Number of protein chains: 2
Amino acid sequence: MAGSNVDTVVDAITEAVRNGRLVPGTRLVEADYTHDFGFSRSTVREAFQRLISTGLLTFERHRGVSVCKLTRKQAVDIYRVRANLEGLAARLATEQIKRAPEICLELQQKLDDAVEKSDLPLFSQLNTEFHALIAKAADNEYLLQAIQQFETSIFWLQFRVLVGQNAVFTTNDDHRLIVDAMVAGDAKRAERAMVDHIMKASKLVQELDDDYFKIDK
Amino acid sequence: MAGSNVDTVVDAITEAVRNGRLVPGTRLVEADYTHDFGFSRSTVREAFQRLISTGLLTFERHRGVSVCKLTRKQAVDIYRVRANLEGLAARLATEQIKRAPEICLELQQKLDDAVEKSDLPLFSQLNTEFHALIAKAADNEYLLQAIQQFETSIFWLQFRVLVGQNAVFTTNDDHRLIVDAMVAGDAKRAERAMVDHIMKASKLVQELDDDYFKIDK
DNA sequence: TGTTGATAAATTGTCTGACAATCTAATCAG
DNA sequence: CTGATTAGATTGTCAGACAATTTATCAACA
């Protein structure tokens with residue numbers, strides 16, 4: 001699947017950050033990765049460089065790379081941009097979703113079921129799919145890429161937000177509003193609904209415990 | 001200025017793409033860069049990797065990297081995203097610009113002068129500064145970075161758009177509308193004005209000659 | 001005890017050189 | 001002139017090296 005060895009490392013690190021195995025602040029030591037993957041330093045370093053410009057890793061001279069930490073403000077800033085981008089995506093996607101609403105409605109149904117069963121991991125996964133579906137339906141590769149990039153940087157936060165409160169229910173109500181607007185072909189409303197949805201999540205992040213943004217050494 | 005050698009190469013390539021010395025489609029051969037900069041392959045390759053994930057360079061296995069080409073649709077897609085992002089920036093920047101409008105008004109004046117003197121290069125540079133000023137005033141590092149990334153990918157196009165028509169004048173009228181709204185503290189209006197402004201540029205790109213999007217190998 | 005400073009170990013930045021895999025260009029046969 | 005073959009260029013990847021710098025270790029000292 002991954003073309004080069006560099007891709008393999010990039011994908012592995014990305015996935016590890018997403019699922020929380022690599023916590024923000026963790027330093028990535030070249031030697032660990034050369035050892036784990038059996039690749040050379042060149043390859044590992046090239047992978048690191050790729051991840052630096054996506055914003056997933058930071059880098060300090062002579063200290064190597066580490067998983068980006070986020071201050072509360074930074075997290076909120078990301079949500080702002082994300083709201084804007086996904087709002088645009090919802091607006092642009094409306095036309096296509098209206099034409100073929102089946103997949104979207106089906107996903108909506110699955111989300112409802114997951115809430116019913118209080119299956120949080122499933123809900124989280126379906127939630128990701130939901131947003132991805134809309135981002136893709138917008139038919140704009142740059143928009144899609146930007147959305148996915150930001151989504152990756154805050155994925156770990158999102159999960160915690162969902163866990164914290166029983167925000168799941170509110171969240172799912174939002175989904176319905178978005179889907180309704182899109183199926184009705186009301187692009188403007190879909191956009192507003194999406195923006196509101198994400199800004200609501202932003203609010204939750206703002207109230208999140210300090211621990212999540214600890215800036216220990 | 002640039003910390004590492006990698007940074008040096010990254011900056012040089014970025015600048016070369018911006019000012020059109022590196023045309024879309026150009027292949028970047030490692031050997032050329034090791035030779036020109038006197039750096040080793042490792043360093044040059046790391047720089048390439050960094051630029052791949054910003055979207056400035058594409059990469060094909062065993063064929064190396066080349067400057068990203070844009071189809072007409074891709075260019076228009078970028079403008080869509082950019083319009084939204086810069087619109088958001090204008091909205092967020094309004095508060096600060098309203099508090100200290102001097103710099104902005106001064107820039108506006110310089111732009112007017114450049115138009116008066118028909119000094120296109122100067123206008124282009126000031127135009128870039130204008131958009132950068134607003135993006136920075138929004139006080140959101142992620143927004144800023146995203147805007148700058150997209151701006152870099154289409155900079156060469158923008159210049160051609162300006163040259164083509166005497167679109168400079170219309171463009172500058174737009175600027176005034178944006179500044180007026182911000183100085184008046186009307187964030188919503190500033191956002192709309194900015195979106196309109198950029199979507200207008202997008203229209204010009206759509207009408208641009210096919211040559212600019214030629215996909216010769 | 002706890003701080004300080006010197007020393008050793010670990011880690012990164014960068015270079016050189018190597019070789020297989022693959023792409024590209026030159027060459028030759030028909 | 002076209003298609004096939006060969007030689008050359010370029011990339012993917014590795015190993016090993018060494019200086020610069022950070023981090024850890026540990027003993028001397030207040």
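Just so you know, these numbers come straight off a predicted model, no measurement behind them. Throughout, protein chains are lettered first and strands after them, A, B, ... in sequence-line order, and every chain is numbered starting at 1. Computed over heavy atoms, backbone and side chain alike; hydrogens, waters and symmetry mates excluded.
Of the residues in residues 28-40 of chain B, those placing a heavy atom less than 4.0 Å from an atom of DNA chain D are B:Leu28, B:Val29, B:Glu30, in numerical order.
Other residues, nucleotides and ligands contribute over 12 non-hydrogen atoms within 6.0 Å of the NZ atom of B:Lys73.
Residue A:Thr43 is in sugar-phosphate contact alone, with no base atom involved, counting any heavy-atom pair closer than 4.0 Å across all strands shown. No engagement by A:Phe48 is indicated, since no non-hydrogen atom pair under 4.0 Å with the nucleic acid exists.
If you take CG of B:Leu57 and C1' of D:dT11, they are 15 Å apart, rounded to a whole angstrom. One interatomic measurement links the two molecules: CZ of A:Arg45 to C1' of C:dT11, which rounds to 10 Å at whole-angstrom precision. If you take CG of A:Asn5 and P of C:dA21, they are 14 Å apart, rounded to a whole angstrom. Across the protein-nucleic acid pair, B:Glu46 atom CD and C:dT14 atom P stand 8 Å apart, rounded to whole Å.
Using cut-offs of 30° and 60° for the angle between ring planes, the A:His131 and A:His197 rings count as parallel. A perpendicular orientation is assigned to the rings of A:Tyr33 and A:Phe48, their planes being inclined by more than 60° (bins at 30° and 60°).
Counted by atom type alone, B:Ser42 and A:Ser42 present zero donor-acceptor pairs between their side chains at under 3.5 Å. Checked by atom type, the side-chain pair B:Asp11/B:Thr14 shows no donor-acceptor distance below 3.5 Å. Between the side chains of B:Thr171 and B:Asp174, no donor N or O sits under 3.5 Å from an acceptor N or O.
Salt-bridge annotation for A:Arg18 and A:Glu151: present, with a side-chain N of the basic residue lying under 4.0 Å from a carboxylate O of the acidic one.
Side-chain nitrogen and oxygen atoms of B:Arg27 include at least one within less than 4.0 Å of the OP1 or OP2 phosphate oxygen of C:dT24.
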N/O to N/O distances under 3.5 Å, protein versus nucleotides 17-21 of chain D:
{"unit_1": "D:dA17", "atom_1": "N6", "unit_2": "A:Arg41", "atom_2": "NH1", "d": "3.1"}

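Among residues at least two apart or in separate chains, there is no ring-ring contact (aromatic ring centres under 6.0 Å, His included) pair with a member in residues 55-92 of chain B.
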